[in-house]
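Written out below as structure tokens is the structure these notes cover.
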There are 2 protein chains.
Amino acid sequence: MEDGTSQALGYCTGTEDDQVRQWDTRADCEVRHILDRVADKWSLLVIALLDRRAMRFSELRRAIDGVSQRMLTVTLRHLERDGIVSRTVYPVIPPRVDYELTPLGVSLHEVIKSLVTWTEEHQQQIAAAHAAYDSRAAAERELVSPLHG
Amino acid sequence: MEDGTSQALGYCTGTEDDQVRQWDTRADCEVRHILDRVADKWSLLVIALLDRRAMRFSELRRAIDGVSQRMLTVTLRHLERDGIVSRTVYPVIPPRVDYELTPLGVSLHEVIKSLVTWTEEHQQQIAAAHAAYDSRAAAERELVSPLHG
DNA sequence: CAGAATCCGGCGAGATACTG
DNA sequence: CAGTATCTCGCCGGATTCTG
């Protein structure tokens, strides 16, 4: 079994008055771990989907489109280990496994949504910044090799 | 020049009433992009540091400890392109380049801090979930190969 | 000092095949 | 259906070297 958290980095903060501390002690810091989970390629999708209702494995697989069965399993295991989703196995044939958000998961999703909201509110500015940066970079390149046809 | 955003995935939401939509149209979605930026291994550190004051390249390099010069450059370029940090070059010898958070960057940091705060408030629960999961997994393995010595 | 360019190793992730 | 196991490949990121 692989572990995606091994290369975790220490972003350790206290409260607002004690921001950036202990950059070197990276072992005991949970922030990076949760961030990895949140930013995970598929975690976010899973959390958003499960926020609406509990879903079966194959339901998630179909809903997410593009996720491999392996990565969905790995993602769900991680989320389960972090206490964000719960896994319920029904001993029937064919097997049935339901996944749903725990209260902790719901709580996390609230915070995530604020980040999503922020992005939506600022994506104009970001797009503008991209355009500005790219044109600047293009102008820069012009100076180096001016073929300005 | 490399681009870490090419494999972006579409986590597209509208407002609260229009949560999970268009999982397949992944091109026009900015959320994933920002998330990649936020979750980036070093971005967070840079943002947190620059929130206090403007800093030079080598200052950041020393402050962050563990970052390679290449990755710091790449990180800063990404953040600059997204309009999160600004880059100021002083045409002196030796060269001096200052980086600082833009208003957009400050705004983003506010949101990030809420995520950090959430993590701090719940890391007990997360740790408990880890312990529970691991012991369950261990018990599971016991059933398969019971060598219970 | 601040960076660009190049090389290269490790692992994250997809595809495939097998199981209960 | 809901996984696990194995193999492989791409590219992310560190180290190194070279400039202005």
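Because only heavy atoms are used, hydrogens play no part in the values below, and waters and symmetry mates are left out as well, while side chains stay in. So you know, we letter chains A, B, ... as the sequences are listed, proteins then strands, and number each from 1.
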CG of A:Leu76 versus C1' of C:dA13: gap in Å, rounded?
16 Å

Take the protein atom CG of A:Leu72 and the nucleotide atom P of D:dC1, then report the distance between them rounded to whole Å.
14 Å

Output the rounded distance in Å from CZ (A:Arg77) to P (C:dA13).
17 Å

Compare the minimum distances between each of C:dG3, D:dG3, D:dC1 and the side chain of A:Pro95, then state the nucleotide with the smallest one.
D:dC1

Taken to the nearest whole Å, CD1/B:Ile93 to P/D:dT19 is 17 Å

Think A:Arg56 has a side-chain N or O under 4.0 angstrom from the OP1 or OP2 of D:dC1?
no

Spacing of B:Leu60 atom CG relative to C:dC1 atom P, expressed in whole Å:
14 Å

Please give the remaining members of the hydrophobic cluster of A:Ile93, linking ILVMFWY side chains under 4.5 Å, ordered by chain and number.
none

Rounded to the nearest angstrom, tell me the gap between atom CZ in B:Phe57 and atom C1' in C:dG3.
7 Å

Considering only NZ, NE, NH1 and NH2 on the basic side and carboxylate oxygens on the acidic side, decide whether A:Glu100 and A:Arg56 come within less than 4.0 Å.
no

Taking the six-membered ring for Trp, is the centroid-to-centroid distance between A:His130 and B:His33 below 6.0 Å?
yes

Less than 4.0 angstrom from a charged side-chain N to a carboxylate O is my criterion; do A:Lys113 and A:Glu120 meet it?
no

What N/O pairs connect the protein and nucleotides 14-16 of chain D at under 3.5 Å? Give each pair on its own line.
| unit_1 | atom_1 | unit_2 | atom_2 | d |
| --- | --- | --- | --- | --- |
| D:dG14 | OP1 | B:Lys41 | NZ | 3.0 |
| D:dG14 | OP2 | B:Ser68 | OG | 3.4 |
| D:dG14 | O6 | B:Arg70 | NE | 3.0 |

Of the non-hydrogen atoms in A:Arg61 and A:Val67, which two are nearest, and what is the gap between them?
NH1-O, 3.0 Å

What's the closest nucleotide to the A:Val97 side chain, out of D:dT4, C:dC1, D:dA2?
D:dA2

Closest non-hydrogen atoms of B:Ile64 and B:Leu72, given as atom of the first, atom of the second and distance, are CD1-CD1, 4.5 Å

Run the side-chain contact (heavy atoms from CB on, under 4.5 Å) check on B:Ser107 and A:His122 step by step: do they pass?
CA-CA 10 Å; B:Ser107 162; A:His122 296 84; 3.6 Å; yes

I need the CG-C1' distance between A:Asp36 and D:dC12, as an integer number of Å.
14 Å

So how far off straight is the helix from C:dC1-D:dG20 to C:dG20-D:dC1, going by the axes through five pairs at either end, to 10°?
40°

Answer with base, sugar-phosphate or nothing: what part of the nucleic acid does B:Tyr90 contact at a heavy-atom distance below 4.0 Å?
nothing

Atom-pair distance (CG on A:Asp40; P on C:dG14), nearest Å:
10 Å

Please answer: with hydrophobic residues joined when any side-chain heavy atoms are less than 4.5 Å apart, are B:Tyr133 and A:Ile47 in the same cluster?
no

Answer yes or no: is there an ion pair linking B:Arg96 with B:Asp98, defined by an N-O contact shorter than 4.0 Å?
yes

